[in-house]
Amino acid sequence: MSRHPTIKQLRYLCSVVEHGHFGRAAKACHVSQSTLSAGILELEEVLGASLLERNNRSLVLTGLGEEVVERARGLLLDVEDLVALCQASAEPLSGRLRLGVIPTIAPFLLPGLLKALRSDYPEFTPFIREDLTEPLIEALHRGELDLLLLALPVAAEGVESMHLFDDPFYLASPLDHPLAAQSDLDTGSLQGQELLLLEDGHCLRDHALEACKLRGSEYKVPYQATSLTTVVQMVASGIGVTLVPGMAVTAGALASPDVMITPFADPEVKRDIGLMWRKKTPRQTEFRLLGSYIVERLSQKPAG
């Protein structure tokens, strides 16, 4: 009987390709470097083909190796889904969940949500990864994450999403700024303003500009930052104005005596918050249950 690759061997190969280094791959797989190297050599022996070109400086996949890795990733995802299928047959929200959350949601929504989940579902164990949208989607496709909590819409293939709630945008401005005293604020008032934004890669930036229907020629960007807290500090210093999400305002996370928070008259100036998962996952029912739980909790009391 011919031998076949093992799941462990395929996992070693994919880890080496992902990390580009045997040592880092071994650490990620929780084995010694010699064990991982031996496993990949055994895989090549079983397949009767060379998958990696090794030298002192880098690892390069052979042409066949590239195809093997692509198929191996699909097989490993199927194995993850097989395990998840069995877990999903048990009581919902009673096992492990690897949840990815973007930085403009995590600090405002998660503290209260996780506390409530621990109380209502003590057997439920979420592991949280906070990152930007694109890296989270890549991790979802690789099977490293089960579910994402992020702002929609997001261009991604092979996924399904569930809208949870609308998160309105507010204008944050210095106390003496002309827009601070405007009772019927509209997005047209932002034209020509010095608008402080998050750096490229933060979906909050794109969603805010889209919600306000602003083109690049209609505003100035004197400063870009990596966090909302830093942006609001710049507003307090009188450098410009910015757009902040309602959940941050509700949580009181951005409160400053030198900043005025003003709502927009148009309720469509908002972002959509939702969940996203792989289409093939067998845990869709559980994910939708979690989504409904989040919506119900937020209807009872403010986030955070």
**Prompt:** Would Leu93 and Leu289 satisfy side-chain contact (heavy atoms from CB on, under 4.5 Å), going step by step from the backbone distance to the final call?
**Reply:** CA-CA 8 Å; Leu93 300 180; Leu289 174 63; 4.0 Å; yes
**Prompt:** Should Val17 and Leu61 be marked as a side-chain contact (heavy atoms from CB on, under 4.5 Å) after you check the CA-CA gap, both sets of side-chain angles, and the distance that decides it?
**Reply:** CA-CA 8 Å; Val17 174; Leu61 279 173; 3.8 Å; yes
**Prompt:** After noting the C-alpha distance and the side-chain angles of Arg297 and Asp120, does the key distance pass the salt bridge (charged side-chain N to carboxylate O under 4.0 Å, His left out) rule?
**Reply:** CA-CA 11 Å; Arg297 169 170 165 73; Asp120 295 338; over 6 Å; no
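Looking at Thr281, its side chain never comes within 3.5 Å of a backbone N or O of Gln284 through a donor-acceptor pair. Ser119 contributes no side-chain N or O that, together with a main-chain N or O of Ala116, makes up a donor-acceptor pair within less than 3.5 Å. Between the side chain of Ser189 and the main chain of Leu185, no donor-acceptor pair closer than 3.5 Å is present.
Closest heavy-atom contact between Cys212 and Val269: SG-CG1, 3.9 Å. Among all heavy-atom pairs drawn from Ser173 and Ala180, the shortest one is OG-CB, 3.5 Å.
Using a 3.5 Å distance cut-off with no hydrogens or angles, the side chains of Thr104 and Arg271 do pair a donor with an acceptor. A donor atom on one side chain and an acceptor atom on the other are found under 3.5 Å apart for Ser34 and Ser32.
Of the inter-residue distances, the one linking Leu228 atom CG with Gln233 atom CD reads 11.0 Å to the nearest 0.5 angstrom. We find the CD-OG1 distance between Glu67 and Thr62 to be 10.0 Å, quoted to the nearest 0.5 Å. Rounding to the nearest 0.5 angstrom, the gap separating the CE atom in Met234 from the CG atom in Leu197 is 14.0 Å. With rounding to the nearest 0.5 angstrom, the CG atom of Asp272 is 10.0 Å from the CG atom of Leu164. Interatomic distance, Asp167 CG to Ile273 CD1, rounded to the nearest 0.5 Å: 5.0 Å. Here the CG-CG distance, from Leu109 to Leu298, works out to 5.5 Å after rounding to the nearest 0.5 Å.
Proximity of Val244 to Leu204: side-chain heavy atoms (C-beta onward) are nowhere separated by under 4.5 Å. Between Leu76 and Ile7, the closest side-chain pair of non-hydrogen atoms falls below 4.5 Å. The shortest side-chain heavy-atom distance between Val68 and Leu13 falls under the 4.5 Å cut-off. The shortest distance between side-chain heavy atoms of Asp131 and Ile102 does not fall below 4.5 Å.
Here Gln9 pairs with Pro5, Thr6, Glu42, Leu43 under the side-chain contact (heavy atoms from CB on, under 4.5 Å) rule; sequence neighbours left out. Partners of Phe264 by ring-ring contact (aromatic ring centres under 6.0 Å, His included), not counting sequence neighbours: none found.
Heavy-atom contacts from other residues, nucleotides or ligands closer than 6.0 Å to CD of Glu138 number more than 12. Environment of CZ in Arg142: crowded, with over 12 heavy atoms of neighbouring residues, nucleotides or ligands closer than 6.0 Å. More than 12 heavy atoms of other residues, nucleotides or ligands lie within 6.0 Å of CD in Glu144, so this atom counts as buried by the packing criterion. Atom CD of Glu199 is surrounded by more than 12 heavy atoms from other residues, nucleotides or ligands within 6.0 Å.
Comment: Arg96 does not engage Asp146 in a salt bridge, judged by the lack of any side-chain N to carboxylate O separation of less than 4.0 angstrom. Comment: Lys270 engages Asp166 in a salt bridge, judged by a side-chain N to carboxylate O separation of less than 4.0 angstrom.
At a threshold of 4.5 Å between side-chain heavy atoms, the hydrophobic network of Ile, Leu, Val, Met, Phe, Trp and Tyr places Leu110 and Leu132 in two separate groups. In the hydrophobic cluster analysis, where Ile, Leu, Val, Met, Phe, Trp and Tyr join through side-chain heavy atoms closer than 4.5 angstrom, Leu41 is grouped apart from Val60. Note on Val69: it does not cluster hydrophobically with Val46, by side-chain heavy-atom contacts below 4.5 Å among ILVMFWY residues. Under a hydrophobic clustering in which Ile, Leu, Val, Met, Phe, Trp and Tyr are joined whenever their side-chain heavy atoms come within less than 4.5 Å, directly or via other members, Phe124 and Phe127 fall into different clusters. A continuous path of Ile, Leu, Val, Met, Phe, Trp and Tyr side chains, each step under 4.5 Å between heavy atoms, connects Ile128 with Phe108, placing both in one hydrophobic cluster.
The aromatic rings of Tyr293 and Tyr121 sit perpendicular to each other, their planes meeting at more than 60°, with 30° as the lower class boundary.
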